[in-house]
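All remarks here apply to the structure that follows.
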Amino acid sequence: MNPNRRRFLTTSSLALAAATVDLSKLFAQAGRPAPQTPQTAFIPLRGTVGVFTGQGGTIGYHISKEGVVVVDAQMPVTAKICLEGIKERDGGRMIDILVNTHHHGDHTGGNPVFKSSVKKILAHANVPELQRAAAARQAASRPNDPAPEIVVADATFTSTWREDVGGEWMALKYYGAAHTSGDAVVTFEKANVVHMGDLVFNRMHPYIDRPAGASIANWIKVLEHTVADHQNSTTYIFGHGSAKFGVTGARADLLYMRDYLTALLGFVRGEINAGKPKDVIVKITDPLTGFPDHGPLIERVLTPAYEEVTA
Ligand SMILES: [Zn+2]
């Protein structure tokens with residue numbers, strides 16, 4: 001028997017067994033809280049555009065009588081909730097385009113849920129391969145887990161893309177390597193709203209995916225170019241944000257993120273110049289001077305910063 005099939009049957013029969021008992025008791029016995037339905041919300045922003053929050057990266061949406069766009073797909077559970085909410089709001093029509101701002105699982109994990117309801121999935125040309133490579137790495141690191149289903153974009157662009165979707169001009173632009181090497185900035189021109197994907201972690205330490213081609217030095221420039229290409233009044237949606245500062249904001253928040261990345265590189269460069277070895281530098285937990293909202297420094301940002309400075 002195909003091992004995946006056997007595993008599927010095992011988990012299915014477990015699921016059936018679990019369905020007949022009180023789940024909360026089962027979890028309480030295991031010393032864990034019962035899983036709860038994730039908190040989700042649809043938040044209208046401006047014109048036809050809004051943001052859906054659930055688990056993983058934020059989802060942007062544009063819904064008009066003539067066209068529907070969804071930006072990012074989160075994970076399967078909240079993707080289902082989002083899709084149901086979109087169908088309520090658009091009268092059940094096909095979604096014209098699902099955009100993936102980049103390949104990470106918390107932005108593309110819901111692609112299989114959306115697939116049959118969207119005409120196409122659009123992403124930067126590097127995204128499908130990055131997504132397959134990440135899935136292969138994950139499968140290799142967890143050989144006993146069933147491989148999650150992946151669905152990759154079936155339409156791609158390389159530098160810019162622009163189209164009228166139901167009366168709203170939507171533009172995608174690739175500014176070069178930053179958070180990964182496939183980050184698209186998605187602009188809804190009439191609504192004057194931009195989805196940044198993970199190019200902004202609002203007042204949080206970001207994830208910097210060097211194996212996927214990330215560049216902190218270029219990320220700094222990407223944020224500056226994005227601000228220059230938009231207006232003072234543009235509203236930005238961020239992939240992630242701290243509870244205090246949230247997942248939407250303005251150009252000042254992009255420049256704050258730029259300053260944080262500049263300070264991070266400068267700090268690590270200084271520590272290297274002071275003669276400290278890598279294993280000491282990556283364990284530093286003092287907050288980055290001038291950026292107290294981010295909390296203590298963490299290895300997740302210090303390691304890629306060290307590797308970039310010493311590359
Ligand atoms: Zn990401």
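As the structure lists them, so they are numbered: ligands from 1, and atoms in each ligand from 1. Heads up: numbering here begins at 1 and tracks the sequence.
Among the heteroatoms counted here (N, O or S) of His104, ND1 is the one nearest to the Zn ion (ligand 1). When the Zn ion (ligand 1) is compared with the N/O/S atoms of Asp198, atom OD2 turns out nearest. The N, O or S atom of His102 with the smallest distance to the Zn ion (ligand 1) is NE2.
Between Phe291 and Tyr256, the gap from one ring centroid to the other is short of 6.0 Å.
When distances to the Zn ion (ligand 1) are checked against a cut-off of 2.8 Å, His107 contributes no N, O or S atom below that limit.
No donor-acceptor contact under 3.5 angstrom links the side chains of Tyr236 and His195, judged on distance only. Side-chain contact check for His240 and Asp198: at least one donor-acceptor pair (N or O, by modelled atom type) lies under 3.5 Å.
Note that Arg300 lies outside the cation-pi zone of Tyr207, set by a 6.0 Å cut-off to the ring centre and a 45° limit from the axis.
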